[in-house]
There are 2 protein chains.
Amino acid sequence: MKILSLGMPSKVRLPLKSHTNTLWIPQLTLDCIILGFHQGQLRVLLLRWKGTQEWSLPGGPIRKDESIDAAAARVLKERTCLEQIYLKQYHVFGDLHRYDKSEIQEKLSHIIPREVWYDRAISIGYYALVDYSRVSPTPDVYTDECQWWDIHEVPPLLFDHNEMIAMALKALRMELHWQPVGYNLLPDQFTMPELQRLYETILGRTLDARNFYKKMLGLEILERLKERRRGGAYKAPYLYRFKKEAYEAKLKEGQLSFL
Amino acid sequence: MKILSLGMPSKVRLPLKSHTNTLWIPQLTLDCIILGFHQGQLRVLLLRWKGTQEWSLPGGPIRKDESIDAAAARVLKERTCLEQIYLKQYHVFGDLHRYDKSEIQEKLSHIIPREVWYDRAISIGYYALVDYSRVSPTPDVYTDECQWWDIHEVPPLLFDHNEMIAMALKALRMELHWQPVGYNLLPDQFTMPELQRLYETILGRTLDARNFYKKMLGLEILERLKERRRGGAYKAPYLYRFKKEAYEAKLKEGQLSFL
DNA sequence: ATATAATATGTAATTTTTACATAATGATAA
DNA sequence: TTATCATTATGTAAAAATTACATATTATAT
């Protein structure tokens, strides 16, 4: 039953008619907004289609013998080589005319024959929070390039993927209030200014450092290490680590409020 | 494009193989947790299968030519005769073994031939908030009865529908904080104690009346009418009404916090 | 040794939330 | 008609959370 780690022919990751009566659930896909944090930017992993300047999100159909969460984990693993990642289902995109099908057919005709696209597909949106430094961006057979983009600098994408990213960011902003988002987006060890910049970037506004320290430390889910981050310019900041047991306990009791 | 109001043969509302290559998207369904508030209870609309004591949620497959939101609205309309209702997509149930298929085949074999069930279906969960008093519960061709149940007294249901209700309630509790849930669940005119009981019921805890009045009136989205609710025993309470423009404006700016 | 720019921290004011008790009222019963 | 009743309506003080704000510290760079 564990398809997840087996991998799959990454050829098939599109809403194509050829999926009918095969391994794949027809007319249903998922798309994955893979988010990382680097240099004060929230970044999203995008793919560039072979021989084009067209970008879109990683995603694809769901196997008949895998759960949708496993399918999302599979897509994530194929593009990042990461497993056991925080993945959140946040919205289903099911409008009849989610995107201009003929435009897609046109732009990708040299890769995908026009006639194999479904008239219509429904897509389950997931976002993943990953440690940027551990990701190895990997294109698939349809694409030349897999690259991080600042979420605020994303170019016009194929399908309705710009909208998907916008909605994921909105959902993430909500989650920021009661989930330890930093735990998933930052490396195991991080500094308080890094965590603050993460919050500021996602929220789109600045925060007061003193109040931020107070708030985060008051949650009692952070542990300050003896070491400081060396190598940077100027005063070396302390390193912190999330206390996993502590925050999981508080999460369960719904006693976490980050903002 | 407006399939919504056309209605459809309500015969087909199951994840059945016969949907392949027809009007319906295969292996994908939706289920609808229709919620009303009555006599201090949060109630959910359930269907009883013909000739059985088995209950389950309203739902069914999605037409190839309707959006998923339109499909949910269609299901809702068929069971309640209501349109223009608040519907919220809250989770996709996509596990491989969401429910015991053979148990379903067995229990419903006198209604649905065993062989027509899909091996597996994925279901999009919606919940709807309706004005209880305006609902006309209507069974479909597979069911004898369509009835309200206290959400805390729901019997064991077919499929994974108990879990669906539990998760819908959880999602609703979150929404209660920043959405005017009372606007959708109560009649146009209502009293403050009614609104308070609604909140208490959904949250599962009591609230202080003075603080509740203060909070709700402080939001400046309620309008007190001159009339009071007559007919009840003892002191007649004032009637209130939501100021639609006011709360929509505040909702947009994210400036509503109900709790 | 000095300058630099980022880190680390405390206190007071404000706002929000919580706790708590009593008078008013309309319906009911005597 | 009056008294009783259960519910509605309301204010204030304490506690908690949030916001505003300024300075000493320190690792690095010069």
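Every chain is numbered from 1 and lettered A, B, ... according to where its sequence line falls, protein lines coming before strand lines.
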Inset, instruction - Let me know, please, whether B:Asp208 or A:Leu217 comes out on the 5' side of the other along DNA chain C by nearest nucleotide. - result: A:Leu217
Legend entry - For atom CD of A:Glu194 and atom P of C:dA6, their distance in whole Å: 14 Å
Inset, instruction - Quick one: pull up CG in A:Leu42 and OH in A:Tyr132 and give me the separation to the nearest 0.5 Å. - result: 11.5 Å
Inset, instruction - Classify the side chain of B:Lys214 and the base of D:dT12 as holding, or not holding, a donor-acceptor pair under 3.5 Å. - result: yes
Inset, instruction - State whether the distance check finds a donor on one side and an acceptor on the other, under 3.5 Å, for side chain B:Lys235 versus base D:dT7. - result: no
Inset, instruction - Could you walk me through whether A:Glu200 and A:Thr206 pass side chain to side chain contact (heavy atoms under 4.5 Å, CB included), step by step? - result: CA-CA 5 Å; A:Glu200 291 177 331; A:Thr206 59; 3.8 Å; yes
Inset, instruction - Could you tell me whether B:Glu220 and B:Lys250 make a salt bridge, using a distance below 4.0 angstrom between a side-chain N and a carboxylate O? - result: yes
Legend entry - Whole-Å distance separating the CZ atom of B:Phe212 from the P atom of D:dT10: 14 Å
Inset, instruction - Mind listing the closest non-hydrogen atom pair of A:Ala72 and A:Leu87 along with its distance? - result: C-CD1, 3.7 Å
Inset, instruction - In whole angstrom, give the distance that lies between atom CD of B:Gln196 and atom P of D:dT7. - result: 13 Å
Legend entry - Distance test, side-chain N/O of A:Arg197 to OP1/OP2 of C:dT7, below 4.0 Å: yes
Legend entry - Between C:dT7 (C1') and A:Arg230 (CZ): distance, integer Å: 14 Å
Inset, instruction - Would you kindly give the NZ-to-C1' distance between A:Lys226 and C:dA8, to the nearest whole Å? - result: 19 Å
Legend entry - Residue-phosphate contact under 4.0 Å: A:Arg224 side-chain N/O, C:dT9 OP1/OP2: yes
Inset, instruction - Let me know the distance between OH of A:Tyr199 and P of D:dT18, rounded to the nearest Å. - result: 13 Å
Inset, instruction - Classify the ring geometry between A:Phe190 and A:Phe242 as parallel (under 30°), tilted (30 to 60°) or perpendicular (over 60°). - result: tilted
Inset, instruction - For A:Gly218, report the nucleic acid contact type (base, sugar-phosphate, nothing); a contact means any heavy atom under 4.0 Å. - result: nothing
Legend entry - Proximity to the side chain of B:Arg210 - top-ranked nucleotide from D:dT10, C:dT25, C:dG10: D:dT10
Inset, instruction - Rounded off to whole Å, could you give me the OH-to-C1' distance for the B:Tyr213 and C:dT16 pair? - result: 21 Å
Inset, instruction - Tell me which nucleotide among D:dT18, D:dA27, C:dA27 gets nearest to the side chain of A:Arg228. - result: D:dA27
Inset, instruction - Starting from C1' on D:dT19, measure out to CE on A:Met216 and report it in whole angstrom. - result: 15 Å
